[in-house]
Protein chains: 2
Amino acid sequence: MSGIVEIPPRSGTAFELAAGELLAVIDPQGTQVADLLAYARADVREAISNGRTFDYEETVRLTAGNRLWSNRSNPMLTIVEDDVGSHDFLLTPCSEATFRHFYPEHPVHRGCFGNLAEALAPWGVEPDMIPCAFNVFMNVPVDANTGKVSVLPPLSKPGDRLVLRAEMDLVIGLTACSAYASNGGSFKPIHYRVG
Amino acid sequence: MSGIVEIPPRSGTAFELAAGELLAVIDPQGTQVADLLAYARADVREAISNGRTFDYEETVRLTAGNRLWSNRSNPMLTIVEDDVGSHDFLLTPCSEATFRHFYPEHPVHRGCFGNLAEALAPWGVEPDMIPCAFNVFMNVPVDANTGKVSVLPPLSKPGDRLVLRAEMDLVIGLTACSAYASNGGSFKPIHYRVG
């Protein structure tokens, strides 16, 4: 288990991931979401895109074997292991505005959006360049009849992992998500390992 | 019917829409998609966002009464009339890369992506600033069990309209979509009117 890095609750980080390297995202306690962003190391204007991914993978339910694509139609990451099988790519990172909207009874938090913006700034990523994240372990069923989107507690159990392989040199943003509904009402750390 | 502008088949345009103005997108022949983008006139780094919209509207099926939100969590457009009730906000504009991927037997076309990029360039919108479009009349059911996304012929009949009200000063990009599957296999014009 060497090389594991902990992302404390309600925080985020960023790091480089070289082509061919594996990134394991681990939920050490269970029921915790991690928002994941990816940018091309060579030019951060190339970024992960939910729309291109849904188009090329022909599904909104992404799991082992699926690839995550960029806005320039290049594969950025391939999912190589998935203990959970339930992740979200529909919704944007929680932010001050989403806290005011969904949780008026709670203190405002900068959320994954603020955490990602700070962590990614050294690579030249500006806040407006943050697209929909791939929300690892997030449980967002869509009602086929009405289109209604629900945010339910994650299905991840302690130690569950998602492993992705980089298909190009990347800058990764990764969080331990800060929103109440997304994480079953409590905030836990996320672990990751690069190898 | 004065003030109607025609977008020829497989082309696109861009124009400004002031706060409070109405934009009617009309399918004159039926079974034709129009990709719609919106940017804040004051700062085009603020752009329409499928993820923020799904989050705040709590649905992927957007119709009269729903708002389309920006990446900065501001409402950009409100849908005020909808003759069809079937639109897509999951998929990105068709492009040279999607033509090579999905239609290897057909000539490559620059698609809605290329048409939008050219039309929006005078406002400072660069190709990497093109997010998922709101694909008016596009018929993309999602299988609730598998997550599979299908692209079916649009349900729009001749003369069907979608009317949106601008909630801020906007730059709009709008196309008559160029992809085979999205338009039931043939390419028709789109009409629009601002008022």
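Being a predicted model, the structure only gives us computed values, none of them experimental. Proteins come first, then strands; the chains are lettered A, B, ... in the order of their sequence lines, and each starts at number 1.
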Side chain to side chain donor-acceptor pair (under 3.5 Å) against A:N183, all qualifying residues, sequence neighbours excluded: A:Q32

Closest non-hydrogen atom pair, B:C132 against A:G51: SG-CA, 3.3 Å

Student check: side-chain heavy atoms of B:R52 and A:T98 closer than 4.5 Å: yes

Student check: side-chain heavy atoms of A:R45 and B:E126 closer than 4.5 Å: yes

Partners passing salt bridge (charged side-chain N to carboxylate O under 4.0 Å, His left out) against A:E21 (at least two apart in sequence or in another chain): none

Contact winner vs chain A - B:T146, B:T59, B:V151, B:V142, heavy-atom pairs under 4.5 Å: B:T59

Derivation of the side chain to side chain contact (heavy atoms under 4.5 Å, CB included) call for B:F54 and A:V140: CA-CA 11 Å; B:F54 297 153; A:V140 182; over 6 Å; no

Joint cluster assignment, B:W69 & A:Y103, ILVMFWY side-chain distance < 4.5 Å: yes

Pairwise side-chain contact, A:T92 with B:N71, heavy-atom cut-off 4.5 Å (strictly under): no

Student check: side-chain heavy atoms of A:V60 and B:V60 closer than 4.5 Å: no

Heavy atoms from other residues, nucleotides or ligands near CD of B:E118 exceed 12 (cutoff 6.0 Å): no

A:I4 reachable from A:L162 in the ILVMFWY side-chain graph, under 4.5 Å edges: no

Heavy-atom side-chain proximity of A:V149 to B:E57 below 4.5 angstrom: no

Hydrophobic cluster membership, B:I79 vs B:L22, 4.5 Å side-chain cutoff: no

Gap separating the CD1 atom of A:I130 from the OG atom of B:S49, nearest 0.5 angstrom: 11.5 Å

From A:T53 atom OG1 to B:L90 atom CG, the distance as rounded to the nearest 0.5 Å: 12.0 Å

Sub-4.5 Å side-chain heavy-atom contact between A:R61 and B:K148: no

Leading residue by heavy atom contact count with chain B [cutoff under 4.5 Å; candidates A:P141, A:A47, A:P93]: A:P93

Geometric class of the B:F102/A:Y56 ring pair [parallel <30°, tilted 30-60°, perpendicular >60°]: parallel

hydrophobic_cluster_shared for A:V44 and A:L116, side chain cutoff 4.5 Å: yes

Pick from A:C94, A:P131, A:A97 with the largest number of heavy-atom pairs that fall under 4.5 Å of chain B: A:A97

Within one Ile-Leu-Val-Met-Phe-Trp-Tyr cluster: B:I26 and B:L155, side-chain cutoff 4.5 Å: no

Chain A interface, residue from B:D43, B:D143, B:L91 that has the most non-hydrogen pairs under 4.5 Å: B:L91

Under 4.5 Å from any heavy atom of chain B - which part of A:N145: backbone

Min side-chain heavy-atom separation B:E46-A:D128 under 4.5 Å: no

